[in-house]
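What follows is a single structure, written as C-alpha coordinates, with notes after it.
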Amino acid sequence: MKLPAKAPEPNSENTPFFDGARQGRLVLPRCGDCGFVIWFPRQICPECSSQDVSWFEASGKGSIYSCTVTRRIPGGWGKVTPFVLAYVELEEGPRVMTNIVDCDPEHVSIGDRVEAVFEEATNRDGESGPPLLRFRVREG
Amino acid sequence: MSDDYSLRGKVAVVGVGETTYYKHGQSADPEFVLVLKAILAACADAGLDPKDIDGFCSYSNDRNDPPRLANALGIPELRYSNMQWTSGGGGAAAAVQNAAGAIVAGSAEVVVAYRGLAQGQFGRFGRSGGSRPVSGAAAYTLPYGMMSAAQMYAMRTTRFMHEHGVGRDAMRSIAMACYHHAQNNPRAVMHGRTLDEETYDSSRWITEPYRLFDCCLENDGAAALILTRTDRAKDLAKPPALVLAAQQSGGHRSGATAENTTDYVTSSFKPAVKHLYKQAGVTAADVDVVQSYENFTGGVVMSLIEHGLCTYENADEVLTFDNLRADGGTLPLNTSGGNLAECYMHGLGLQVEAVRQIRGESSNQVANAKVALANAGPMVPVASTAIYGAEEVLG
(Lines give C-alpha, C1' and ligand atoms only; values in the text may rest on other atoms or scores of the structure.)
Protein backbone atom coordinates (compact mmCIF):
# COMPACT_ATOMS: atom_id res chain seq x y z
CA MET A 1 0.00 0.00 0.00
CA LYS A 2 1.16 3.51 -0.79
CA LEU A 3 2.41 5.29 2.32
CA PRO A 4 1.30 8.81 3.21
CA ALA A 5 3.66 11.40 1.75
CA LYS A 6 3.62 14.72 3.52
CA ALA A 7 6.12 17.09 1.98
CA PRO A 8 8.80 18.55 4.19
CA GLU A 9 9.16 22.33 4.31
CA PRO A 10 12.64 23.37 3.20
CA ASN A 11 14.52 26.26 4.74
CA SER A 12 17.72 28.01 3.80
CA GLU A 13 19.82 25.46 5.67
CA ASN A 14 18.65 22.44 3.68
CA THR A 15 17.64 23.83 0.27
CA PRO A 16 20.36 21.92 -1.70
CA PHE A 17 19.18 18.62 -0.19
CA PHE A 18 15.58 19.21 -1.22
CA ASP A 19 16.56 20.65 -4.61
CA GLY A 20 18.48 17.42 -5.18
CA ALA A 21 15.47 15.38 -4.13
CA ARG A 22 13.37 17.16 -6.77
CA GLN A 23 15.86 15.89 -9.36
CA GLY A 24 15.94 12.37 -7.90
CA ARG A 25 19.46 12.89 -6.56
CA LEU A 26 20.65 12.33 -2.99
CA VAL A 27 22.68 15.44 -2.20
CA LEU A 28 24.38 15.60 1.19
CA PRO A 29 26.42 18.18 3.08
CA ARG A 30 30.06 17.47 3.91
CA CYS A 31 32.41 19.44 6.12
CA GLY A 32 35.26 21.02 4.18
CA ASP A 33 37.55 20.92 7.22
CA CYS A 34 37.09 17.50 8.83
CA GLY A 35 35.34 15.64 6.00
CA PHE A 36 32.40 14.61 8.18
CA VAL A 37 29.28 13.77 6.15
CA ILE A 38 26.50 15.56 7.98
CA TRP A 39 22.97 14.29 8.60
CA PHE A 40 20.55 15.87 8.86
CA PRO A 41 21.59 18.84 6.68
CA ARG A 42 23.24 21.63 8.67
CA GLN A 43 25.32 24.68 7.87
CA ILE A 44 27.67 24.18 10.81
CA CYS A 45 29.58 20.91 11.20
CA PRO A 46 28.43 19.15 14.43
CA GLU A 47 31.84 17.45 14.69
CA CYS A 48 34.28 20.37 14.38
CA SER A 49 32.01 23.45 14.28
CA SER A 50 33.41 24.52 10.91
CA GLN A 51 31.12 26.61 8.74
CA ASP A 52 32.87 25.42 5.57
CA VAL A 53 30.14 22.99 4.55
CA SER A 54 29.58 22.04 0.90
CA TRP A 55 27.30 19.65 -0.97
CA PHE A 56 27.98 16.51 -3.02
CA GLU A 57 25.94 13.79 -4.69
CA ALA A 58 25.90 10.56 -2.69
CA SER A 59 25.48 7.04 -4.07
CA GLY A 60 21.99 6.54 -2.69
CA LYS A 61 23.05 3.10 -1.53
CA GLY A 62 23.15 1.72 1.96
CA SER A 63 21.92 -0.99 4.27
CA ILE A 64 19.30 -1.30 6.99
CA TYR A 65 20.82 -0.43 10.37
CA SER A 66 17.63 -1.00 12.32
CA CYS A 67 13.92 -1.19 11.64
CA THR A 68 10.52 -1.74 13.16
CA VAL A 69 7.34 -3.04 11.61
CA THR A 70 4.63 -0.75 12.94
CA ARG A 71 1.29 -2.52 13.28
CA ARG A 72 -0.82 -0.26 15.51
CA ILE A 73 -0.79 3.51 15.33
CA PRO A 74 -3.47 6.19 15.45
CA GLY A 75 -4.33 8.52 12.57
CA GLY A 76 -3.71 8.23 8.85
CA TRP A 77 -0.71 5.97 9.25
CA GLY A 78 -2.96 3.47 11.02
CA LYS A 79 -4.62 2.82 7.65
CA VAL A 80 -1.39 1.63 6.01
CA THR A 81 -0.11 -0.78 8.65
CA PRO A 82 2.00 -2.81 8.65
CA PHE A 83 4.71 -0.48 7.40
CA VAL A 84 8.46 -0.41 7.90
CA LEU A 85 10.17 2.47 9.67
CA ALA A 86 13.93 2.16 9.47
CA TYR A 87 17.31 3.71 9.89
CA VAL A 88 19.35 3.20 6.76
CA GLU A 89 23.11 3.50 7.03
CA LEU A 90 24.33 5.17 3.85
CA GLU A 91 27.55 4.09 2.15
CA GLU A 92 28.85 7.58 2.96
CA GLY A 93 28.31 7.04 6.69
CA PRO A 94 25.21 8.80 8.03
CA ARG A 95 22.16 6.95 9.28
CA VAL A 96 18.89 8.28 7.89
CA MET A 97 15.39 7.72 9.21
CA THR A 98 13.18 6.47 6.40
CA ASN A 99 10.66 3.89 5.20
CA ILE A 100 11.46 0.73 3.30
CA VAL A 101 8.93 0.59 0.45
CA ASP A 102 7.95 -1.91 -2.26
CA CYS A 103 8.64 -4.72 0.19
CA ASP A 104 7.00 -7.44 2.25
CA PRO A 105 7.34 -6.08 5.81
CA GLU A 106 7.61 -9.63 7.15
CA HIS A 107 10.87 -10.08 5.30
CA VAL A 108 12.80 -6.90 6.01
CA SER A 109 15.71 -7.12 8.41
CA ILE A 110 18.90 -5.51 9.62
CA GLY A 111 21.68 -5.73 7.05
CA ASP A 112 19.43 -5.75 3.96
CA ARG A 113 21.01 -3.74 1.14
CA VAL A 114 18.83 -0.87 -0.05
CA GLU A 115 18.79 2.01 -2.54
CA ALA A 116 17.20 5.44 -2.50
CA VAL A 117 13.91 6.21 -4.20
CA PHE A 118 12.25 9.61 -4.21
CA GLU A 119 8.49 9.60 -3.77
CA GLU A 120 6.15 12.45 -4.64
CA ALA A 121 4.82 14.39 -1.68
CA THR A 122 2.32 17.16 -1.05
CA ASN A 123 2.26 19.89 1.56
CA ARG A 124 -0.56 20.95 3.91
CA ASP A 125 -2.23 22.91 1.13
CA GLY A 126 -2.24 19.91 -1.18
CA GLU A 127 0.49 21.40 -3.37
CA SER A 128 3.40 19.41 -4.67
CA GLY A 129 6.46 19.70 -2.39
CA PRO A 130 9.92 18.17 -2.27
CA PRO A 131 9.80 14.40 -2.78
CA LEU A 132 10.54 12.09 0.14
CA LEU A 133 13.75 10.09 0.43
CA ARG A 134 12.71 6.48 0.91
CA PHE A 135 14.48 3.21 0.20
CA ARG A 136 13.76 -0.12 -1.43
CA VAL A 137 15.59 -3.40 -1.16
CA ARG A 138 18.38 -3.65 -3.73
CA GLU A 139 19.05 -6.81 -5.69
CA GLY A 140 22.52 -8.33 -5.68
CA MET B 1 38.18 17.78 44.28
CA SER B 2 37.00 17.84 47.85
CA ASP B 3 34.30 15.44 48.99
CA ASP B 4 32.25 18.52 49.83
CA TYR B 5 31.34 18.59 46.13
CA SER B 6 29.18 15.51 46.50
CA LEU B 7 25.51 15.22 47.37
CA ARG B 8 26.09 11.96 49.18
CA GLY B 9 23.75 11.78 52.16
CA LYS B 10 23.48 15.53 52.71
CA VAL B 11 19.84 15.66 51.65
CA ALA B 12 16.97 13.27 52.31
CA VAL B 13 13.51 12.63 50.98
CA VAL B 14 11.29 13.21 53.99
CA GLY B 15 7.85 13.11 52.44
CA VAL B 16 6.17 11.43 49.49
CA GLY B 17 2.68 11.96 48.15
CA GLU B 18 0.57 10.69 45.31
CA THR B 19 -2.96 11.30 44.18
CA THR B 20 -5.26 8.51 43.20
CA TYR B 21 -3.88 7.19 39.92
CA TYR B 22 -6.44 7.22 37.13
CA LYS B 23 -6.65 5.74 33.69
CA HIS B 24 -5.95 8.19 30.89
CA GLY B 25 -8.48 11.00 30.84
CA GLN B 26 -10.43 9.81 33.90
CA SER B 27 -9.44 12.32 36.56
CA ALA B 28 -12.29 14.58 37.63
CA ASP B 29 -9.70 17.01 39.01
CA PRO B 30 -7.85 19.40 36.74
CA GLU B 31 -4.12 18.83 36.50
CA PHE B 32 -3.18 21.75 38.72
CA VAL B 33 -5.39 20.46 41.51
CA LEU B 34 -3.84 17.01 41.17
CA VAL B 35 -0.38 18.51 41.69
CA LEU B 36 -1.55 20.44 44.76
CA LYS B 37 -3.10 17.30 46.21
CA ALA B 38 0.13 15.33 45.73
CA ILE B 39 2.18 18.08 47.37
CA LEU B 40 -0.22 18.31 50.32
CA ALA B 41 -0.11 14.53 50.73
CA ALA B 42 3.70 14.67 50.76
CA CYS B 43 3.63 17.45 53.38
CA ALA B 44 1.29 15.42 55.58
CA ASP B 45 3.54 12.38 55.15
CA ALA B 46 6.57 14.40 56.22
CA GLY B 47 4.87 16.25 59.06
CA LEU B 48 5.62 19.59 57.39
CA ASP B 49 3.42 22.63 56.87
CA PRO B 50 3.07 23.40 53.15
CA LYS B 51 4.21 26.93 54.02
CA ASP B 52 7.63 25.45 54.88
CA ILE B 53 8.20 24.75 51.17
CA ASP B 54 10.52 27.27 49.54
CA GLY B 55 11.53 25.51 46.34
CA PHE B 56 10.08 23.52 43.43
CA CYS B 57 11.71 21.27 40.83
CA SER B 58 10.12 19.50 37.91
CA TYR B 59 10.90 18.18 34.45
CA SER B 60 9.58 17.58 30.98
CA ASN B 61 8.02 21.05 30.74
CA ASP B 62 5.50 20.42 33.51
CA ARG B 63 2.67 22.87 32.99
CA ASN B 64 2.15 23.61 36.68
CA ASP B 65 4.66 26.33 37.32
CA PRO B 66 6.12 27.19 40.73
CA PRO B 67 4.79 30.76 41.06
CA ARG B 68 1.28 29.44 40.53
CA LEU B 69 1.85 26.59 42.99
CA ALA B 70 3.34 28.96 45.55
CA ASN B 71 0.30 31.23 45.31
CA ALA B 72 -2.07 28.34 45.73
CA LEU B 73 -0.17 26.97 48.73
CA GLY B 74 0.27 30.36 50.42
CA ILE B 75 4.03 29.97 50.45
CA PRO B 76 5.66 33.04 52.04
CA GLU B 77 9.06 32.75 50.33
CA LEU B 78 9.67 31.15 46.93
CA ARG B 79 13.46 30.94 46.91
CA TYR B 80 14.10 28.41 44.18
CA SER B 81 12.42 26.94 41.12
CA ASN B 82 13.87 24.73 38.46
CA MET B 83 12.95 22.81 35.31
CA GLN B 84 14.97 20.00 33.77
CA TRP B 85 14.44 19.60 30.04
CA THR B 86 14.36 16.21 28.39
CA SER B 87 12.17 13.89 26.42
CA GLY B 88 9.49 11.89 28.18
CA GLY B 89 10.04 11.30 31.86
CA GLY B 90 13.81 11.14 31.68
CA GLY B 91 14.05 13.90 34.26
CA ALA B 92 12.34 12.21 37.20
CA ALA B 93 15.60 11.55 39.06
CA ALA B 94 16.96 14.84 37.72
CA ALA B 95 14.23 16.77 39.54
CA VAL B 96 15.39 15.06 42.75
CA GLN B 97 19.00 15.87 41.86
CA ASN B 98 18.18 19.52 41.28
CA ALA B 99 16.20 19.75 44.50
CA ALA B 100 19.07 18.19 46.43
CA GLY B 101 21.60 20.48 44.77
CA ALA B 102 19.59 23.56 45.67
CA ILE B 103 19.49 22.48 49.31
CA VAL B 104 23.21 21.73 49.47
CA ALA B 105 23.90 25.12 47.90
CA GLY B 106 21.77 26.84 50.52
CA SER B 107 19.41 28.14 47.86
CA ALA B 108 16.38 26.69 49.61
CA GLU B 109 15.57 24.47 52.58
CA VAL B 110 12.48 22.48 51.73
CA VAL B 111 12.15 21.63 48.06
CA VAL B 112 9.45 19.65 46.26
CA ALA B 113 10.12 17.50 43.22
CA TYR B 114 6.81 17.02 41.45
CA ARG B 115 5.05 15.94 38.29
CA GLY B 116 1.40 16.03 37.33
CA LEU B 117 -0.64 15.25 34.28
CA ALA B 118 -4.27 15.11 33.32
CA GLN B 119 -4.35 13.86 29.79
CA GLY B 120 -8.08 14.26 29.43
CA GLN B 121 -7.49 17.96 29.98
CA PHE B 122 -4.38 18.40 27.89
CA GLY B 123 -4.18 15.50 25.45
CA ARG B 124 -1.92 12.50 25.42
CA PHE B 125 1.73 12.82 26.20
CA GLY B 126 4.31 11.83 23.63
CA ARG B 127 1.97 11.79 20.68
CA SER B 128 3.22 13.60 17.64
CA GLY B 129 0.78 16.18 16.47
CA GLY B 130 -0.35 15.59 12.91
CA SER B 131 -0.62 19.33 12.44
CA ARG B 132 2.95 20.11 13.48
CA PRO B 133 4.96 21.86 10.80
CA VAL B 134 7.08 19.45 8.78
CA SER B 135 10.19 21.56 9.15
CA GLY B 136 13.39 21.61 11.18
CA ALA B 137 14.27 18.18 12.58
CA ALA B 138 10.67 17.05 12.05
CA ALA B 139 11.22 17.26 8.28
CA TYR B 140 13.33 14.11 8.60
CA THR B 141 10.99 12.11 10.87
CA LEU B 142 7.31 13.03 10.51
CA PRO B 143 6.99 12.23 6.79
CA TYR B 144 8.07 8.66 7.56
CA GLY B 145 5.28 7.89 10.00
CA MET B 146 7.56 8.29 13.02
CA MET B 147 4.64 9.28 15.22
CA SER B 148 5.42 7.75 18.60
CA ALA B 149 8.19 7.08 21.08
CA ALA B 150 7.35 3.39 20.78
CA GLN B 151 8.57 3.35 17.18
CA MET B 152 11.72 5.31 17.88
CA TYR B 153 12.74 3.03 20.71
CA ALA B 154 11.56 -0.13 18.96
CA MET B 155 14.29 0.46 16.39
CA ARG B 156 16.86 0.94 19.12
CA THR B 157 15.75 -2.25 20.86
CA THR B 158 15.81 -4.18 17.58
CA ARG B 159 19.39 -3.10 17.03
CA PHE B 160 20.27 -4.02 20.65
CA MET B 161 18.78 -7.49 20.22
CA HIS B 162 20.60 -7.88 16.91
CA GLU B 163 23.99 -6.93 18.37
CA HIS B 164 23.76 -8.81 21.65
CA GLY B 165 21.33 -11.65 20.98
CA VAL B 166 19.44 -11.07 24.24
CA GLY B 167 16.32 -9.32 25.43
CA ARG B 168 13.25 -11.14 24.14
CA ASP B 169 12.73 -13.31 27.22
CA ALA B 170 13.84 -10.57 29.60
CA MET B 171 11.27 -8.16 28.18
CA ARG B 172 8.47 -10.58 28.96
CA SER B 173 9.80 -11.22 32.47
CA ILE B 174 9.95 -7.49 33.17
CA ALA B 175 6.33 -6.99 32.11
CA MET B 176 5.21 -9.96 34.20
CA ALA B 177 7.13 -8.75 37.29
CA CYS B 178 5.48 -5.33 37.06
CA TYR B 179 2.00 -6.83 36.84
CA HIS B 180 2.84 -9.28 39.63
CA HIS B 181 3.80 -6.42 41.96
CA ALA B 182 0.73 -4.38 41.04
CA GLN B 183 -1.47 -7.11 42.51
CA ASN B 184 -0.30 -6.20 46.03
CA ASN B 185 -0.47 -2.45 45.42
CA PRO B 186 -3.95 -0.98 45.83
CA ARG B 187 -2.79 2.28 44.19
CA ALA B 188 -1.94 0.45 40.97
CA VAL B 189 -4.17 1.02 37.98
CA MET B 190 -3.63 -2.66 37.06
CA HIS B 191 -4.41 -3.93 40.57
CA GLY B 192 -6.61 -6.96 39.98
CA ARG B 193 -5.34 -7.58 36.43
CA THR B 194 -2.77 -10.31 36.17
CA LEU B 195 -0.42 -11.04 33.29
CA ASP B 196 0.83 -14.52 32.45
CA GLU B 197 3.18 -15.73 29.73
CA GLU B 198 0.41 -16.77 27.39
CA THR B 199 -1.41 -13.43 27.66
CA TYR B 200 1.83 -11.57 26.99
CA ASP B 201 2.77 -13.78 24.04
CA SER B 202 -0.63 -13.48 22.42
CA SER B 203 -0.95 -9.73 22.95
CA ARG B 204 -1.00 -7.55 19.86
CA TRP B 205 2.06 -6.06 18.30
CA ILE B 206 2.31 -2.30 18.53
CA THR B 207 5.57 -1.85 16.70
CA GLU B 208 8.02 -4.74 16.66
CA PRO B 209 9.61 -5.89 18.96
CA TYR B 210 7.07 -4.25 21.29
CA ARG B 211 3.81 -5.88 22.13
CA LEU B 212 1.03 -4.13 24.03
CA PHE B 213 2.42 -5.17 27.41
CA ASP B 214 5.90 -3.85 26.62
CA CYS B 215 4.56 -0.30 26.55
CA CYS B 216 3.88 2.01 29.50
CA LEU B 217 0.39 3.07 30.48
CA GLU B 218 -1.17 6.47 29.94
CA ASN B 219 -2.56 7.98 33.13
CA ASP B 220 -3.79 10.98 35.05
CA GLY B 221 -2.49 11.88 38.48
CA ALA B 222 0.37 13.57 40.29
CA ALA B 223 3.25 12.66 42.57
CA ALA B 224 5.59 14.65 44.78
CA LEU B 225 8.67 14.15 46.93
CA ILE B 226 9.78 16.59 49.60
CA LEU B 227 13.48 16.98 50.27
CA THR B 228 15.36 18.75 53.01
CA ARG B 229 18.70 18.64 54.84
CA THR B 230 19.36 15.28 56.41
CA ASP B 231 20.08 16.89 59.78
CA ARG B 232 16.63 18.50 59.73
CA ALA B 233 14.98 15.19 58.82
CA LYS B 234 15.44 13.87 62.34
CA ASP B 235 12.59 16.06 63.62
CA LEU B 236 10.12 14.89 60.99
CA ALA B 237 7.52 12.17 60.86
CA LYS B 238 9.15 9.45 58.78
CA PRO B 239 12.60 7.89 58.58
CA PRO B 240 14.59 9.76 55.94
CA ALA B 241 15.59 8.20 52.62
CA LEU B 242 18.96 9.73 51.94
CA VAL B 243 19.86 10.82 48.44
CA LEU B 244 23.17 9.01 48.07
CA ALA B 245 23.59 10.06 44.45
CA ALA B 246 21.62 11.56 41.60
CA GLN B 247 22.88 12.20 38.10
CA GLN B 248 21.70 13.31 34.69
CA SER B 249 22.92 11.41 31.68
CA GLY B 250 23.39 12.79 28.21
CA GLY B 251 26.06 11.56 25.82
CA HIS B 252 27.63 12.73 22.57
CA ARG B 253 24.79 13.74 20.23
CA SER B 254 22.34 11.80 22.41
CA GLY B 255 19.81 14.51 21.64
CA ALA B 256 19.60 13.31 18.07
CA THR B 257 16.39 11.83 16.73
CA ALA B 258 16.76 11.98 13.00
CA GLU B 259 20.50 12.44 13.26
CA ASN B 260 23.25 10.04 14.06
CA THR B 261 23.56 9.29 17.71
CA THR B 262 27.15 8.16 18.12
CA ASP B 263 26.33 5.42 20.61
CA TYR B 264 22.95 4.26 19.38
CA VAL B 265 22.54 0.97 21.21
CA THR B 266 22.26 2.39 24.70
CA SER B 267 19.72 3.18 27.40
CA SER B 268 21.54 6.54 27.74
CA PHE B 269 22.85 5.72 31.22
CA LYS B 270 26.52 5.16 30.46
CA PRO B 271 27.59 8.76 31.18
CA ALA B 272 25.76 8.87 34.53
CA VAL B 273 26.66 5.48 35.89
CA LYS B 274 30.36 6.41 35.84
CA HIS B 275 29.55 9.04 38.48
CA LEU B 276 26.57 7.46 40.18
CA TYR B 277 28.14 4.66 42.21
CA LYS B 278 31.20 6.74 43.00
CA GLN B 279 29.06 9.52 44.42
CA ALA B 280 26.86 7.08 46.33
CA GLY B 281 29.80 5.19 47.77
CA VAL B 282 28.17 1.89 46.93
CA THR B 283 28.51 -0.64 44.11
CA ALA B 284 25.93 -2.37 41.94
CA ALA B 285 26.25 -5.38 44.24
CA ASP B 286 25.01 -3.26 47.17
CA VAL B 287 21.71 -2.38 45.47
CA ASP B 288 18.86 -4.18 47.25
CA VAL B 289 15.98 -3.15 45.02
CA VAL B 290 15.66 -1.44 41.63
CA GLN B 291 13.02 0.81 40.13
CA SER B 292 13.87 0.99 36.44
CA TYR B 293 11.77 3.27 34.25
CA GLU B 294 9.75 1.36 31.70
CA ASN B 295 8.72 3.51 28.82
CA PHE B 296 9.25 0.20 27.03
CA THR B 297 10.58 -3.07 28.41
CA GLY B 298 13.50 -3.17 25.97
CA GLY B 299 14.91 -0.04 27.55
CA VAL B 300 14.81 -1.65 30.99
CA VAL B 301 17.01 -4.51 29.79
CA MET B 302 19.59 -2.03 28.52
CA SER B 303 19.29 0.09 31.68
CA LEU B 304 19.95 -2.81 34.02
CA ILE B 305 22.98 -3.84 31.97
CA GLU B 306 24.38 -0.31 31.93
CA HIS B 307 23.84 0.02 35.68
CA GLY B 308 25.97 -3.10 36.12
CA LEU B 309 23.12 -5.20 37.50
CA CYS B 310 23.53 -7.86 34.81
CA THR B 311 25.61 -8.19 31.64
CA TYR B 312 25.04 -8.30 27.89
CA GLU B 313 25.87 -11.98 28.07
CA ASN B 314 23.61 -13.08 30.94
CA ALA B 315 20.66 -10.65 30.70
CA ASP B 316 18.13 -13.31 29.70
CA GLU B 317 19.33 -15.66 32.46
CA VAL B 318 19.38 -13.02 35.21
CA LEU B 319 16.26 -11.08 34.23
CA THR B 320 13.75 -13.87 34.83
CA PHE B 321 10.35 -13.45 36.43
CA ASP B 322 11.50 -15.33 39.54
CA ASN B 323 14.58 -13.13 39.97
CA LEU B 324 12.65 -9.89 39.48
CA ARG B 325 10.02 -10.61 42.14
CA ALA B 326 10.12 -8.82 45.49
CA ASP B 327 9.08 -12.07 47.17
CA GLY B 328 12.31 -13.98 46.96
CA GLY B 329 13.95 -12.64 43.82
CA THR B 330 17.64 -11.75 43.62
CA LEU B 331 17.01 -8.50 41.72
CA PRO B 332 13.61 -7.15 42.81
CA LEU B 333 12.36 -4.80 40.10
CA ASN B 334 9.61 -2.17 39.95
CA THR B 335 7.99 -3.22 43.18
CA SER B 336 5.03 -0.85 42.85
CA GLY B 337 4.12 -2.19 39.42
CA GLY B 338 6.00 0.66 37.80
CA ASN B 339 5.02 2.54 34.68
CA LEU B 340 3.56 -0.63 33.18
CA ALA B 341 1.13 -1.57 35.93
CA GLU B 342 1.01 1.01 38.74
CA CYS B 343 0.82 4.28 36.86
CA TYR B 344 2.80 6.18 34.26
CA MET B 345 3.43 9.36 36.25
CA HIS B 346 6.37 9.96 33.96
CA GLY B 347 8.47 7.94 36.30
CA LEU B 348 8.12 9.98 39.47
CA GLY B 349 6.17 7.10 41.01
CA LEU B 350 9.32 5.00 40.71
CA GLN B 351 11.29 7.53 42.75
CA VAL B 352 8.49 7.46 45.36
CA GLU B 353 8.62 3.67 45.44
CA ALA B 354 12.38 3.69 46.04
CA VAL B 355 11.76 5.90 49.10
CA ARG B 356 9.05 3.54 50.34
CA GLN B 357 11.47 0.61 50.08
CA ILE B 358 14.06 2.44 52.20
CA ARG B 359 11.37 3.19 54.79
CA GLY B 360 10.05 -0.38 54.78
CA GLU B 361 6.62 0.79 53.57
CA SER B 362 6.30 -0.81 50.14
CA SER B 363 3.34 -3.04 49.34
CA ASN B 364 6.01 -5.40 47.98
CA GLN B 365 8.63 -4.75 50.61
CA VAL B 366 12.08 -6.23 50.04
CA ALA B 367 13.36 -7.50 53.36
CA ASN B 368 15.97 -5.23 54.91
CA ALA B 369 16.28 -2.94 51.86
CA LYS B 370 18.96 -0.34 52.58
CA VAL B 371 20.00 0.77 49.09
CA ALA B 372 17.43 1.48 46.36
CA LEU B 373 18.17 2.57 42.81
CA ALA B 374 15.59 4.45 40.74
CA ASN B 375 16.28 5.59 37.20
CA ALA B 376 14.28 7.51 34.64
CA GLY B 377 13.89 7.61 30.90
CA PRO B 378 15.97 4.97 29.19
CA MET B 379 16.92 5.78 25.58
CA VAL B 380 15.84 9.42 25.82
CA PRO B 381 18.35 12.19 25.02
CA VAL B 382 19.00 12.92 28.69
CA ALA B 383 18.12 10.25 31.24
CA SER B 384 18.60 10.47 34.99
CA THR B 385 19.25 8.06 37.81
CA ALA B 386 19.43 8.13 41.60
CA ILE B 387 20.39 5.99 44.55
CA TYR B 388 18.62 6.28 47.88
CA GLY B 389 19.83 4.82 51.14
CA ALA B 390 18.93 4.30 54.75
CA GLU B 391 20.87 6.43 57.26
CA GLU B 392 22.98 3.49 58.37
CA VAL B 393 24.49 3.21 54.87
CA LEU B 394 26.55 6.31 55.63
CA GLY B 395 28.16 4.35 58.45
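Remember, predicted model here, so these are calculated numbers, not experimental data. Proteins come first, then strands; the chains are lettered A, B, ... in the order of their sequence lines, and each starts at number 1.
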For [X], does the [atom1] atom sit with more than 12 other heavy atoms under 6.0 Å from it, leaving out its own atoms?
{"X": "E47(A)", "atom1": "CD", "result": "yes"}
{"X": "K270(B)", "atom1": "NZ", "result": "yes"}
{"X": "Q23(A)", "atom1": "CD", "result": "yes"}
{"X": "R193(B)", "atom1": "CZ", "result": "no"}

Heavy-atom pair of closest approach, residues [X] and [Y]:
{"X": "K6(A)", "Y": "V134(B)", "answer": "CD-CG2, 3.7 Å"}
{"X": "L132(A)", "Y": "P143(B)", "answer": "CD2-CB, 3.4 Å"}
{"X": "R159(B)", "Y": "Y65(A)", "answer": "NH1-O, 2.8 Å"}

Answer with side chain, backbone, both or neither: which region of [X] has an atom nearer than 4.5 Å to a non-hydrogen atom of chain B?
{"X": "P94(A)", "value": "both"}
{"X": "I73(A)", "value": "side chain"}
{"X": "A121(A)", "value": "neither"}

Just verifying a value: how many Å separate [X] [atom1] and [Y] [atom2], rounded to the nearest 0.5 Å?
{"X": "W77(A)", "Y": "M147(B)", "atom1": "CH2", "atom2": "CE", "value": "8.0 Å"}
{"X": "Y144(B)", "Y": "L85(A)", "atom1": "OH", "atom2": "CG", "value": "10.5 Å"}
{"X": "Y264(B)", "Y": "S66(A)", "atom1": "OH", "atom2": "OG", "value": "5.0 Å"}
{"X": "I206(B)", "Y": "T81(A)", "atom1": "CD1", "atom2": "OG1", "value": "10.5 Å"}

So which of N123(A), L133(A), V80(A), I38(A) has the biggest tally of heavy-atom pairs under 4.5 Å with chain B?
L133(A)
Considering only heavy atoms and a distance below 4.5 Å, find which of G136(B), G145(B), A139(B) pairs most often with chain A.
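Between G136(B), G145(B), A139(B), the count favours G145(B).
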Side chains of R71(A) and R211(B): closer than 4.5 Å at any heavy-atom pair?
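Sidechains of R211(B) and R71(A): no contact.
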Going by distance alone, is a donor N or O of one side chain under 3.5 Å from an acceptor N or O of the other, for Q151(B) and T70(A)?
yes
Between M155(B) and Y87(A), does the side chain to side chain contact (heavy atoms under 4.5 Å, CB included) criterion hold? Intermediate values first, please.
CA-CA 8 Å; M155(B) 286 196 287; Y87(A) 274 116; 3.8 Å; yes
Would you sort out whether M97(A) and M146(B) count as a side chain to side chain contact (heavy atoms under 4.5 Å, CB included), showing the intermediate values?
CA-CA 9 Å; M97(A) 187 179 286; M146(B) 214 303 288; 3.2 Å; yes
Please work out which of the three classes, parallel, tilted or perpendicular, describes the rings of F18(A) and Y140(B), given edges at 30° and 60°.
parallel
Taking R72(A) for the side chain and T207(B) for the main chain, is one N or O donor matched with an acceptor at less than 3.5 Å?
no
